[in-house]
Novice: 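First, the structure itself, so that you have it in front of you.
Order of appearance sets the numbers: ligands from 1, and atoms from 1 within every ligand.
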Amino acid sequence: MQEKSIDKASVQMLKKAKQEGVETAFDRSDRQNPRCGFGELGLCCQTCYMGPCRIDPFGRGAQHGVCGADRDAIVARNIARSAAVGAAAHSDHGRDVAQNLLMTAHGKAQGYEIKDQAKLLLLAEEMGIDTEQPVTAIAAQVALLCKAQFGQQDGELLPAQRAPEGQKQRWRALKVMPRGIDREIVELLHMVHMGMDADYHNLLKFAIKAALADGWGGSAIATDLTDVQFGSPVPVRSEANLGVLGMKTVNIVVHGHEPTLSEMIVKAARDPQMKALANEHGAEDIIVAGICCTANEILMRQGAPLAGNYLQQELAIVTGAVEAMVVDVQCIMPGLSQAASCYHTRLITTSKKARIPGALHYEFDEEHAYEIAKRIVTEAVQNYANRDRVRVSIPKEKGELVAGFTTENIFYHLGGRFRPSYRPLNEGIIQGRLRGIVGIVGCNNTKVVQDYNYMTIVKELLKHDVLIVTTGCSAGCFSKQGLLNPETALQHCGKGLRQICEAVGIPPVLHMGSCVDNSRILTACVEMVKQGGLGTDISQLPVAGCAPEAMSDKAVSIGLYVVASGITTHFNPPFRVHGSKKVLEYLSGGIEQELGAHFIFEADPKKAARALIDVLDRKRDALKLKPMMFPPSNGESEIAIRAEAAAAVQP
Ligand code: SF4
Ligand code: MSK
């Protein structure tokens with residue numbers, strides 16, 4: 001089982017699952033081997049019903065599909081289709097949050113408030129909305145304007161204007177500056193229809209455009225309006241891993257992405273009436289813990305514990321101690337239904353868009369949100385008596401953490417309440433205390449030992465004085481492993497990074513939220529550019545991205561918008577590009593001339609870390625910054641680091 005995960009709690013639950021005959025994604029993944037080589041290379045086309053068509057990668061068999069599409073068109077079209085789906089998923093999440101804010105403003109959403117009025121006013125000002133009117137009127141106008149961003153037919157997307165001028169000029173020159181979010185996604189879906197675009201470069205260009213509409217549009221709207229409605233995060237302490245579940249408590253695990261219902265469930269579970277009900281049923285309390293990005297949403301704002309990341313969703317049920325798993329949208333394995341049927345766990349779906357056979361369904365509706373949340377909590381409490389105590393085994397593992405960092409509050413941590421500024425961060429880089437910043441984001445994937453790539457890469461980067469920002473299930477890994485805890489994480493840091501973290505009182509890995517909150521990483525880069533001293537464009541900053549255990553279509557969209565925003569990004573398992581030399585070379589090289597960054601497709605996490613260090617060093621050289629102040633904590637020389645980093649870079 002150690003070959004499946006480096007997380008002790010997961011390994012323990014995998015053994016239990018095996019003993020109890022419960023199938024998990026890890027088993028199903030093994031059964032899928034060997035994977036289809038055509039699919040892995042991106043050379044299988046299912047676009048029309050004359051296919052599926054396959055291109056022979058060795059050049060001996062078919063080199064064209066029935067319609068004549070070649071390998072480059074098929075590979076690029078598959079990526080474009082994936083990007084469209086990913087951008088749609090993120091952005092539809094943003095639209096739902098905007099709808100919730102609108103209904104709250106109209107007094108029609110039960111149990112909701114507008115918690116961050118200051119951020120609402122800032123957004124209203126940015127959008128040119130009159131701020132001299134009641135808060136609810138401002139909120140309604142902001143929500144309507146955000147909703148209008150989805151269907152905007154012409155003109156540039158409003159939130160994309162936040163990008164630095166240099167980047168916007170590149171987008172305009174390449175004609176990838178996005179219009180409305182839905183507009184870009186629909187156009188891309190049209191382009192991947194049979195008999196449409198067959199030019200790999202053009203397909204990728206439009207995929208980038210839709211992805212930019214996601215990153216700077218749909219995802220940014222989701223982040224901003226979630227902050228307005230539920231409060232902008234502030235640093236908060238909590239715990240992570242399956243050990244957060246209680247032996248004598250009703251355990252509710254919320255899983256998915258949208259914070260709208262999970263916030264209500266946390267609120268309902270803290271209601272004294274619900275606690276009294278739990279006591280009546282013999283439980284000491286009610287614990288609401290999260291999986292995946294729902295976990296990040298309620299952790300960042302409520303300090304609710306995180307039960308695990310993506311590959312632990314079934315393993316939480318295997319503890320035998322989960323009364324209800326409540327899911328909304330995205331990253332929810334249908335296999336949960338089978339796992340839940342092996343225990344007393346009630347699997348409860350809540351979105352009309354994501355139903356699972358075998359699950360109970362309590363459909364979410366803003367007008368009755370709190371009532372629905374109370375009914376779900378009641379269902380879980382009443383299920384407590386059905387727990388088979390003989391089969392309960394909760395791992396002890398849980399890591400302590402500090403989460404809750406945002407573009408805005410990093411100002412205060414770095415500069416202090418009276419001098420909020422990104423200056424200390426930029427100065428740290430300029431002076432050579434910090435090598436740069438890497439955003440490590442993304443999922444788990446059964447093709448990678450769970451959490452191994454994350455831990456290997458992060459330790460290497462911290463040692464070399466790289467500050468890390470993180471979101472999504474990557475943040476889940478670091479939460480469990482103590483890297484978000486200043487007390488335990490600093491031991492991994494180089495001297496310069498350690499000095500800064502100690503002086504400012506932050507961990508070296510900053511948890512910035514869920515996968516839509518990658519938009520926070522973009523806006524933090526914008527602030528660094530504005531602060532000055534590190535170039536005039538995001539592509540000049542010593543920053544890089546890394547998704548070493550990527551899994552979903554959303555990850556493809558994120559990868560594309562991050563690279564298109566000027567941030568070179570390591571992505572593994574790689575995009576399915578290896579069937580086309582042209583697409584591979586473009587994404588890992590040629591795209592740099594057009595957008596200022598490229599992809600690094602590297603399976604070995606140590607080499608990937610070195611390649612990321614090389615990216616930062618090259619940016620430092622180009623900016624003529626001072627040499628690094630201290631050697632890395634393992635005593636390696638700067639010359640050796642550079643030689644190894646350069647060797648790790650792909651041709
Ligand atoms: Fe085959 Fe062309 Fe249809 Fe794709 S679009 S399945 S390559 S015929
Ligand atoms: S939940 S998209 S597995 S990060 Fe956002 Fe985690 Fe990836 Fe889903």
Novice: Numbering the atoms of ligand 2 from 1, which are under 4.0 Å from a heavy atom of Gly442?
Specialist: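 Near Gly442, the atoms of ligand 2 are 4 (S).
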
Novice: Evaluate whether atom CD of Glu187 has more than 12 neighbouring non-hydrogen atoms of other residues, nucleotides or ligands under 6.0 angstrom away.
Specialist: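 Above 12, so yes.
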
Novice: Just jot down the ligand 1 atoms closer than 4.0 angstrom to any heavy atom of Cys45, in number order.
Specialist: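 Counting atoms of ligand 1 from 1, those under 4.0 Å from Cys45 are 4 (Fe), 5 (S), 6 (S), 7 (S).
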
Novice: Can you list the atoms of ligand 2 that are under 4.0 Å from a heavy atom of Ser552?
Specialist: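 Near Ser552, the atoms of ligand 2 are 2 (S).
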
Novice: Taking 2.8 Å as the cut-off, does Cys48 contribute an N, O or S atom near atom 3 (Fe) of ligand 1, distance below it?
Specialist: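 Short answer: yes, at least one N, O or S atom is under the cut-off.
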
Novice: Determine, stepwise, if the pair Glu549 / Asn444 fulfils side-chain hydrogen bond (donor to acceptor under 3.5 Å, both in side chains).
Specialist: CA-CA 5 Å; Glu549 301 185 25; Asn444 290 139; 3.2 Å; yes

Novice: Which of the atoms of ligand 2 are close to Cys473, meaning less than 4.0 Å from one of its heavy atoms?
Specialist: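 Near Cys473, meaning under 4.0 Å from one of its heavy atoms, ligand 2 has 1 (S), 3 (S), 4 (S), 6 (Fe).
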
Novice: Which atoms of ligand 2 sit under 4.0 Å from any heavy atom of Met551?
Specialist: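 Reading through ligand 2 atom by atom, the close ones are 3 (S).
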
Novice: If you count the atoms of ligand 2 from 1 in the order shown, which ones are under 4.0 Å from a heavy atom of His257?
Specialist: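 Result: 1 (S), 5 (Fe), 8 (Fe).
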
Novice: Which of the numbered atoms in ligand 1 are under 4.0 angstrom from any heavy atom belonging to Cys53?
Specialist: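 So the atoms of ligand 1 that pass are 1 (Fe), 6 (S), 7 (S), 8 (S).
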
Novice: Evaluate the salt bridge (charged side-chain N to carboxylate O under 4.0 Å, His left out) criterion for residues Lys4 and Asp30: first the C-alpha distance (whole Å), next the side-chain angles of each, then the deciding distance (0.1 Å), finally the verdict.
Specialist: CA-CA 10 Å; Lys4 311 268 184 209; Asp30 287 345; 2.5 Å; yes

Novice: Using a 6.0 Å cut-off, check whether atom NZ of Lys8 has over 12 heavy atoms from anything other than its own residue.
Specialist: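 Check fails, neighbour count at 12 or below.
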
Novice: Between Phe571 and Phe575, how do the two ring planes meet: parallel, tilted or perpendicular, split at 30° and 60°?
Specialist: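 Answer is perpendicular, since the angle exceeds 60°.
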
Novice: Counting only heavy atoms not in His193, do more than 12 fall under 6.0 Å of its NE2?
Specialist: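 Open: at most 12 neighbouring heavy atoms sit under 6.0 Å from NE2 of His193.
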
Novice: Honestly, is Arg95 close enough over Phe150, meaning NZ or CZ under 6.0 Å from the six-membered ring centre and within 45° of the axis?
Specialist: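 The answer is yes, since Arg95 meets both limits relative to Phe150.
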
Novice: Heavy-atom contacts with Tyr310 under 4.0 Å: which atoms of ligand 2 show up? List them by number with element.
Specialist: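 Those atoms are 3 (S).
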
Novice: Hey, which atoms in ligand 1 end up nearer than 4.0 Å to a heavy atom of Val66?
Specialist: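 Checking each atom against Val66, I get 1 (Fe), 8 (S).
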
Novice: With atoms numbered from 1 as shown, which atoms in ligand 1 lie under 4.0 angstrom from a non-hydrogen atom of Gly51?
Specialist: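 Listed by number with element: 6 (S).
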
Novice: Would you tell me which option among Gly513, Ala550, Cys443, Gly476 has the nearest heavy-atom contact to atom 3 (S) of ligand 2?
Specialist: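 Answer by nearest heavy atom: Cys443.
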
Novice: Run the numbers on Lys554 and Gln330 for side chain to side chain contact (heavy atoms under 4.5 Å, CB included), then give the verdict.
Specialist: CA-CA 9 Å; Lys554 291 183 293 170; Gln330 300 165 19; 2.7 Å; yes

Novice: Using a strict 4.0 Å cut-off to heavy atoms of Gly65, name the atoms of ligand 1 that fall inside it.
Specialist: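 Every atom of ligand 1 under 4.0 Å from some heavy atom of Gly65: 7 (S).
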
Novice: Would you confirm whether the ring centroid of Tyr586 sits within less than 6.0 angstrom of the ring centroid of His201?
Specialist: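 Between His201 and Tyr586, the centre distance is under 6.0 Å.
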
Novice: Mark up the atoms of ligand 2 that fall under 4.0 Å of a heavy atom belonging to Cys292, in ascending order.
Specialist: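 Selected atoms, number and element: 1 (S), 6 (Fe).
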
Novice: So does Glu40 pair up with Arg35, basic N to acidic O under 4.0 Å?
Specialist: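 No, no charged N to carboxylate O under 4.0 Å.
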
Novice: I need the nearest protein heavy-atom contact for atom 2 (Fe) of ligand 1: residue, atom name and distance, please.
Specialist: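 The closest heavy atom on the protein side is Cys67 SG, 2.3 Å.
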
Novice: Charged N to carboxylate O below 4.0 Å: is that the case for Asp96 and Lys353?
Specialist: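 Salt bridge: yes.
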
Novice: Record the part of Arg77 in heavy-atom contact with ligand 1 below 4.0 Å; permitted values are side chain, backbone, both and neither.
Specialist: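 Near ligand 1, Arg77 shows its side chain, while the N, CA, C and O stay back.
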
Novice: Any N/O/S atom from Cys331 (main chain or side chain) under 2.8 Å of atom 8 (Fe) of ligand 2?
Specialist: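 True for Cys331.
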
